[in-house]
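Inspection log for the structure reproduced underneath, given as structure tokens.
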There are 2 protein chains.
Amino acid sequence: MTYCVGLLLNAGMVLLSDTRTNAGLDNIATYRKMFHFEEPGERVISLTTAGSLSVTQTTIARLREAIDDPDATEATSIMKAPTMLKVALIIGDMLSTVRQEIDEKLSTMKQSASASMIVAAQRRGGPMRLFLIYPEGNFIEATEDTPFLQIGEHKYGKPILDRVVNPNTSLADAEKAVLLSMDSTLRSNLSVGMPLDLCVIEKDACRVSRKRRIEAGDDSFRLMSEAWSKALRDAFTQITL
Amino acid sequence: MTYCVGLLLNAGMVLLSDTRTNAGLDNIATYRKMFHFEEPGERVISLTTAGSLSVTQTTIARLREAIDDPDATEATSIMKAPTMLKVALIIGDMLSTVRQEIDEKLSTMKQSASASMIVAAQRRGGPMRLFLIYPEGNFIEATEDTPFLQIGEHKYGKPILDRVVNPNTSLADAEKAVLLSMDSTLRSNLSVGMPLDLCVIEKDACRVSRKRRIEAGDDSFRLMSEAWSKALRDAFTQITL
């Protein structure tokens with residue numbers, strides 16, 4: 001399992017992902033699920049992945065190959081595509097193609113593979129866009145009404161986002177919100193695990209403004225988590241029925 | 001969908017259920033999902049249901065028939081069974097039988113039916129027992145380490161229970177905890193809906209000490225919900241990263 005969340009705010013975009021990958025409960029590993037494609041100042045595309053590792057790794061590898069191909073065109077390279085909608089289309093098509101190929105291999109074992117992605121992207125002069133790309137290659141986009149998107153184990157961490165995130169949320173508060181959302185998920189689902197990858201993309205910077213890896217023993221994350229638990233318990237005590 | 005939760009505490013047991021039943025998204029109805037079997041002072045059995053309405057209604061009806069049967073024995077009537085473990089067995093067997101019968105009917109349409117239950121029970125002189133009965137008729141029991149059980153849409157409402165409920169929680173706090181857990185679920189899943197049914201069974205009373213139906217417009221529930229939202233937002237503001 002996995003938990004990834006992306007926020008689209010007036011001030012910028014924030015992505016957070018965990019790193020736990022498991023094949024069954026007895027085979028657990030750590031894999032990065034956040035990837036960046038960047039021409040600083042011109043174009044930034046950051047994405048997070050959930051689902052079958054063979055599908056997501058192959059999709060990312062082929063997206064990179066297509067970028068590095070000397071014959072790359074606007075139709076094949078996400079670093080050349082004229083709009084971020086076109087970027088989402090290229091990623092969606094690649095994800096769908098890879099998923100179908102792997103699904104076919106697995107069908108002989110009566111198994112199947114699937115994956116989804118959150119893509120945060122902006123090019124110079126264009127708007128920020130945040131997409132959720134489905135295994136079939138189609139996608140939806142975050143809007144003012146629903147400024148966050150989630151993939152993987154999304155339920156435990158949704159109530160806090162519902163309550164505190166809106167388009168005017170500051171980037172500092174956004175970072176806090178996604179970390180608390182992750183904290184609730186980590187507590188409830190063993191298949192979501194540390195370390196975490198966080199990135200912040202400030203509006204119109206067209207670059208990854210800040211990256212942070214949060215390791216299992218991270219002091220500031222632990223203190224935040226403990227403070228939140230205490231604050232929740234205090235709030236619970238104060239509420240009267 | 002449904003959300004039901006049960007707590008087993010040193011001071012007693014608390015059950016809460018919603019009442020929304022749906023066949024698809026365009027066919028929504030209200031049905032009670034909490035049922036009581038009581039011989040006050042001698043024996044109390046309260047249960048909540050999740051899953052296919054035809055399975056749960058038929059199971060409850062047959063449990064009642066078995067109680068009312070003039071030939072009822074310790075092996076067939078939950079009001080005569082010598083222990084609460086035996087009660088769980090009778091309910092589990094009935095649930096499993098009914099589910100299989102209905103499943104067979106539905107199999108001609110390539111559909112299936114399922115249901116699960118939470119059972120809170122105590123007889124005079126015996127301990128309080130809280131069971132989660134699975135569609136197959138087997139069951140698990142709440143313990144000191146995990147004093148709550150949930151059926152239906154359990155994820156949204158779990159973080160608050162994880163943080164505030166332990167065996168020493170008072171019945172008043174327990175009531176607040178299950179209502180806040182339900183509040184988070186109601187906000188995030190349309191297929192869980194008001195009104196709610198709440199019951200409190202005080203330890204060794206062997207009766208339903210308190211029943212409460214909370215209607216959609218209930219003032220105290222709305223105020224609690226608003227106060228909790230505010231408290232969460234305030235707590236969020238206070239936390240530093």
Side-chain angles (χ1 to χ4, degrees), chain A residues 1 3 14 150 152-166 169-189 192 198 200 210 212 214 218-241, chain B residues 1 3 14 150 152-166 169-189 192 198 200 210 212 214 218-241:
Chain A
M1 212 35 167
Y3 178 49
V14 175
Q150 303 170 289
E153 177 57 275
H154 63 282
K155 292 187 179 182
Y156 298 114
K158 187 164 179 283
I160 177 71
L161 299 177
D162 277 333
R163 284 197 168 88
V164 303
V165 174
N166 67 66
T169 302
S170 71
L171 290 176
D173 276 358
E175 205 170 314
K176 199 161 66 170
V178 294
L179 288 171
L180 291 174
S181 174
M182 180 64 83
D183 182 52
S184 290
T185 312
L186 289 167
R187 275 171 179 263
S188 291
N189 190 327
V192 176
L198 176 85
V200 177
R210 207 158 85 74
R212 182 178 162 205
I214 301 161
D218 188 274
D219 272 343
S220 73
F221 185 74
R222 186 179 49 77
L223 289 173
M224 186 202 71
S225 172
E226 287 170 8
W228 181 240
S229 275
K230 184 177 179 306
L232 280 185
R233 283 194 297 266
D234 290 350
F236 179 79
T237 308
Q238 284 157 28
I239 297 287
T240 52
L241 208 57
Chain B
M1 213 35 166
Y3 178 48
V14 176
Q150 304 170 288
E153 177 57 276
H154 63 283
K155 293 188 179 181
Y156 298 113
K158 185 162 178 287
I160 178 71
L161 299 177
D162 278 333
R163 284 195 167 88
V164 304
V165 174
N166 67 64
T169 301
S170 71
L171 290 176
D173 276 358
E175 204 170 315
K176 198 160 67 170
V178 295
L179 288 172
L180 291 173
S181 175
M182 179 64 81
D183 183 52
S184 291
T185 311
L186 289 168
R187 276 173 178 261
S188 291
N189 190 327
V192 177
L198 176 86
V200 177
R210 208 158 84 74
R212 180 178 163 205
I214 301 161
D218 187 274
D219 272 344
S220 73
F221 185 73
R222 185 179 50 77
L223 289 172
M224 186 204 70
S225 172
E226 287 169 7
W228 181 241
S229 275
K230 184 176 179 307
L232 279 185
R233 284 192 299 265
D234 289 351
F236 180 79
T237 307
Q238 286 158 24
I239 298 286
T240 53
L241 210 54

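Protein chains get the first letters and strands the later ones, always in sequence-line order, with residue 1 at the start of each.
Counting heavy-atom pairs under 4.5 Å between each of P159(A), S220(A), A227(A) and chain B puts P159(A) at the top. Among the candidates H154(B), E153(B), Q238(B), K230(B), the residue making the largest number of heavy-atom pairs closer than 4.5 Å to chain A is E153(B). Listed options L223(B), L232(B), T240(B), T237(B) were ranked by heavy-atom pairs under 4.5 angstrom with chain A; first place goes to L232(B).
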Side-chain donor-acceptor pairs under 3.5 Å in residues 171-186 of chain A, sequence neighbours left out?
residue, atom, partner, partner atom, Å
E175(A), OE1, R210(A), NH2, 2.7
E175(A), OE2, R210(A), NH2, 2.3
K176(A), NZ, F236(B), O, 2.6
K176(A), NZ, I239(B), O, 2.8
S181(A), OG, Y3(A), OH, 2.7
S181(A), OG, G157(A), O, 2.7
D183(A), OD1, S225(A), OG, 2.9
D183(A), OD2, S225(A), OG, 3.3
D183(A), OD2, R163(B), NH2, 3.1
T185(A), OG1, S181(A), O, 2.8

